Amino acid sequence: MGKGDVTRPGGPGTDDRSGGRRELIAATDARVGMFVVELDRPWVGTPFLLQGFLIDDDKTLEQLRECCRFIYIDRSRSVGDHYGAQEQARTLHTGNAAPRHAVMEAGPGGGGNPLSFLEALALVRKGGLDAAAARRLAGEAIANRPETHSVERELVRASPVIAAAEAVFEQVIADVRENRKPDIAQVTECVDDMLQSVKRNPDALLWLIRLKHYDRYSYHHALDVTVHLMVFAHCMGFSEDGATVLGVAGMMQDVGKIRLPERVLQKAGRLSRLEMEIARSHVEHSTQIILQDPHPMPGLLEIVSRHHERIDGSGYPAGLRNGAIGLRAEMAGLVDSFCAMTSKRAYDEPLSTQRALEALIRQRDSKFSANVVDGFIQCIGLYPAGTLVELNSGEIAVVIAQNRVRRMQPRVLVLLCADKTPNPHPPTLDLLYSPLTPAGAPYRVLRALPAGAHGIDPSEFYLS
């Protein structure tokens with residue numbers, strides 16, 4: 001095999017050696033009519049004589065479920081409702097000039113095979129989808145219940161939502177620079193749309209934030225904080241109004257930095273006492289900007305004015321302690337710190353998610369309340385969507401989506417081989433089903449990596 005090839009089975013959407021298309025499913029999801037091409041264990045010692053067979057009766061189905069936890073099936077060799085045309089699947093998989101109608105027919109909204117993760121990224125890369133087209137491609141959530149969209153479907157649907165949020169925030173920045181009153185009602189409207197995306201699948205917006213390229217830290221940080229705050233609020237069971245005000249606060253809490261000198265914002269070294277006072281004044285600037293709205297959202301001013309307060313009294317501007325800060329303001333402050341630590345700034349390199357969470361744990365019951373820290377860690381897990389991770393095989397992967405029950409076993413896309421060369425056909429692995437490494441051990445995550453590790457640039461690698 002050539003350099004970078006893999007010897008183990010690929011994940012959903014990978015090609016098998018016979019030219020078919022394999023899809024990873026749980027054995028409990030197997031059905032009569034599916035063609036099995038690979039098991040999660042060697043064929044020797046199983047009841048199946050042929051290495052590749054059609055599930056043609058209930059007895060075979062029962063044996064398969066007793067023997068395996070997950071299997072690979074080939075839709076092109078399956079029959080009945082489980083058949084999927086090989087040529088159509090291959091065209092969509094490679095992204096070569098697939099017509100939009102073909103994607104709709106084969107995608108979630110058309111009742112055919114679901115979009116693969118790489119197919120969803122290809123659609124996001126192409127851009128140009130308006131909200132209506134994105135909804136048609138992604139399909140509707142089942143009975144409008146929360147978290148019924150896969151991350152692939154929601155990536156497509158949320159792409160124009162995040163683009164609209166970028167445009168709104170850019171207008172806010174322009175208004176502040178020109179001393180105009182920003183339209184906070186428009187901010188609220190786009191935050192509401194983002195919240196609906198979070199309800200359908202919390203991982204998709206986290207992914208899109210990482211995929212986007214921003215020329216300025218302030219642009220990235222505001223949207224990063226907004227998305228994380230809404231995901232946090234959703235996990236904590238906040239009402240829609242409660243989550244929305246947190247999202248708007250995330251967008252507006254640092255907007256006052258636009259009025260600070262560039263030399264202070266971009267200084268790489270330690271700030272002087274005077275420079276620190278100037279930097280801290282952004283809180284007052286932000287609150288003054290919000291007060292230009294004659295009817296500010298209830299609670300918005302409180303969150304923005306207190307998001308730099310800390311429970312030990314070391315925060316600013318008022319040195320508030322403990323319960324005087326308020327739960328929502330404390331959540332906003334914690335998310336602001338986390339997003340700053342995991343982003344590249346003029347004065348510091350980004351930390352991995354794992355290192356940033358460890359830093360928050362050290363501040364537990366000193367800077368932030370234990371319940372707020374614990375709630376955030378429980379919400380996003382050690383490996384949020386978009387996190388680069390190193391596997392025990394030596395391969396480098398990116399987290400596609402979390403497993404909500406077993407946070408340490410996410411679904412990942414393998415970007416680099418064990419020798420750190422790019423994987424020409426990145427497979428997906430769902431660690432929940434304990435797939436095996438080439439050495440025969442179950443895959444597991446060794447550690448999270450900081451953004452940009454091994455030269456991986458989201459805007460170039462994932463979307464190339």
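Treat the numbers as computed from the prediction; the structure is a model and nothing was measured.
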**Message:** Strictly distance-based, threshold 3.5 Å: is any side-chain N or O of D40 a donor or acceptor partner for the main-chain N or O of F70?
**Reply:** yes

**Message:** What's the separation between atom CG in L415 and atom OG1 in T421, rounded to the nearest 0.5 Å?
**Reply:** 11.5 Å

**Prompt:** Going by heavy atoms in the side chains, are H308 and D336 under 4.5 Å from each other?
**Reply:** yes

**Prompt:** Between I311 and S366, which heavy-atom pair has the shortest distance, and what is it?
**Reply:** CG1-O, 3.1 Å

**Prompt:** Atom CE of M331 and atom CD1 of I303: how far apart are they, to the nearest 0.5 Å?
**Reply:** 9.0 Å

**Request:** State the CG-CD1 distance between L388 and I456, to the nearest 0.5 angstrom.
**Result:** 5.0 Å

**Prompt:** When you measure from the side chain of S343 to the backbone N and O of A340, does any donor-acceptor pair fall under 3.5 Å?
**Reply:** no

**Prompt:** Ignoring hydrogens and geometry, is there a side-chain-to-backbone donor-acceptor pair from E154 to A204 under 3.5 Å?
**Reply:** no

**Asked** Quick one: does T437's side chain have a donor or acceptor within less than 3.5 Å of a partner on A439's backbone?
**Response** yes

**Asked** Any idea which heavy atoms bring Q292 and K181 closest together, and the distance?
**Response** O-CD, 3.0 Å

**Asked** Are E358 and R355 ion-paired here, with the side-chain N under 4.0 Å from a carboxylate O?
**Response** yes

**S337 side chain near R310 side chain, heavy-atom distance below 4.5 Å** = yes

**Message:** I want to check something: taking the side chain as every heavy atom from C-beta on, are R69 and S434 in contact at a cut-off of under 4.5 Å?
**Reply:** yes

**Asked** Which residues pass the ring-ring contact (aromatic ring centres under 6.0 Å, His included) test with Y383, sequence neighbours left out?
**Response** none

**Prompt:** When rounded to the nearest 0.5 angstrom, what is the spacing between CD in Q253 and NE2 in H307?
**Reply:** 4.0 Å

**Item:** Crowding at CD, Q363 (>12 non-hydrogen neighbours, <6.0 Å)
**Value:** yes

**Prompt:** Do K420 side-chain atoms and G394 backbone N/O form a donor-acceptor pair below 3.5 Å?
**Reply:** yes

**Request:** Could you go through the side-chain contact (heavy atoms from CB on, under 4.5 Å) check for V389 and L446 one step at a time?
**Result:** CA-CA 7 Å; V389 294; L446 283 184; over 6 Å; no

**Request:** For the pair T226 (side chain) and A222 (backbone), establish whether a donor and an acceptor sit closer than 3.5 Å, ignoring hydrogens and angles.
**Result:** yes

**Prompt:** With the threshold set at 4.0 Å, does a side-chain nitrogen-carboxylate oxygen contact exist between K367 and D312?
**Reply:** yes

**Message:** For S281 versus L260, what's the shortest heavy-atom pair and its separation?
**Reply:** OG-CD2, 3.4 Å

**Request:** Quick one: do E275 and S272 satisfy side chain to side chain donor-acceptor pair (under 3.5 Å)? Show the steps, please.
**Result:** CA-CA 5 Å; E275 289 169 332; S272 68; 3.3 Å; yes

**Request:** Mark yes or no for whether E302, through its side chain, and A329, through its backbone, hold a donor-acceptor pair below 3.5 Å.
**Result:** no

**Prompt:** Do L429 and V414 have side chains that get closer than 4.5 Å, going by heavy atoms?
**Reply:** yes

**Asked** Any donor and acceptor pair, going by atom type alone, linking the side chain of E309 with main-chain N or O of G319 inside 3.5 Å?
**Response** yes

**Request:** Decide side-chain contact (heavy atoms from CB on, under 4.5 Å) for R153 and N201; before the verdict, give the C-alpha distance in whole Å, the side-chain angles of both, and the deciding distance to 0.1 Å.
**Result:** CA-CA 9 Å; R153 294 170 69 185; N201 188 302; over 6 Å; no

**Message:** When you compare the side chain of M297 with that of M252, does any pair of heavy atoms fall below 4.5 Å?
**Reply:** no

**Complete:** What one should report as the nearest heavy-atom pair of V225 and V335 is O-CG1, 3.8 Å

**Request:** Using a 4.5 Å cut-off on heavy atoms from C-beta on, say whether the side chain of S197 contacts that of R157.
**Result:** no

**Flag side-chain contact, heavy atom, 4.5 Å: I289 against R259** = yes

**Prompt:** Do you know the tightest heavy-atom contact between A385 and L206?
**Reply:** O-CB, 4.2 Å

**Prompt:** Checking side-chain contact (heavy atoms from CB on, under 4.5 Å) for the pair V398/W207: CA distance, chi angles, key distance, verdict?
**Reply:** CA-CA 10 Å; V398 63; W207 248 109; 3.7 Å; yes

**Request:** For D192, enumerate each residue passing the side chain to side chain contact (heavy atoms under 4.5 Å, CB included) test, keeping only those at least two apart in sequence or located in another chain.
**Result:** T188, T244

**Item:** Pairwise side-chain contact, Q196 with E240, heavy-atom cut-off 4.5 Å (strictly under)
**Value:** yes

**Message:** How close do T287 and L301 get, counting heavy atoms only, and between which atoms?
**Reply:** O-CD1, 3.8 Å

**Prompt:** Partners of F376 by ring-ring contact (aromatic ring centres under 6.0 Å, His included), sequence neighbours excluded?
**Reply:** F232, F338

**Prompt:** With no hydrogens and no angle check, is any side-chain donor or acceptor of T387 less than 3.5 Å from a backbone partner on V399?
**Reply:** no

**Fill in**
Rounded to the nearest 0.5 Å, the OG1 atom of T342 sits from the CD atom of Q354 at a distance of 13.5 Å

**Request:** Please check if the side chain of D175 supplies one atom and the backbone of R180 the other of a donor-acceptor pair under 3.5 Å.
**Result:** no

**Asked** Between CG of L431 and CG of L391, what distance do you get to the nearest 0.5 Å?
**Response** 6.5 Å

**Message:** Please evaluate residues V168 and E189 with respect to the criterion side-chain contact (heavy atoms from CB on, under 4.5 Å), reporting the C-alpha separation (whole Å), side-chain torsions for both, the decisive distance (0.1 Å), and the verdict.
**Reply:** CA-CA 10 Å; V168 166; E189 185 177 339; over 6 Å; no

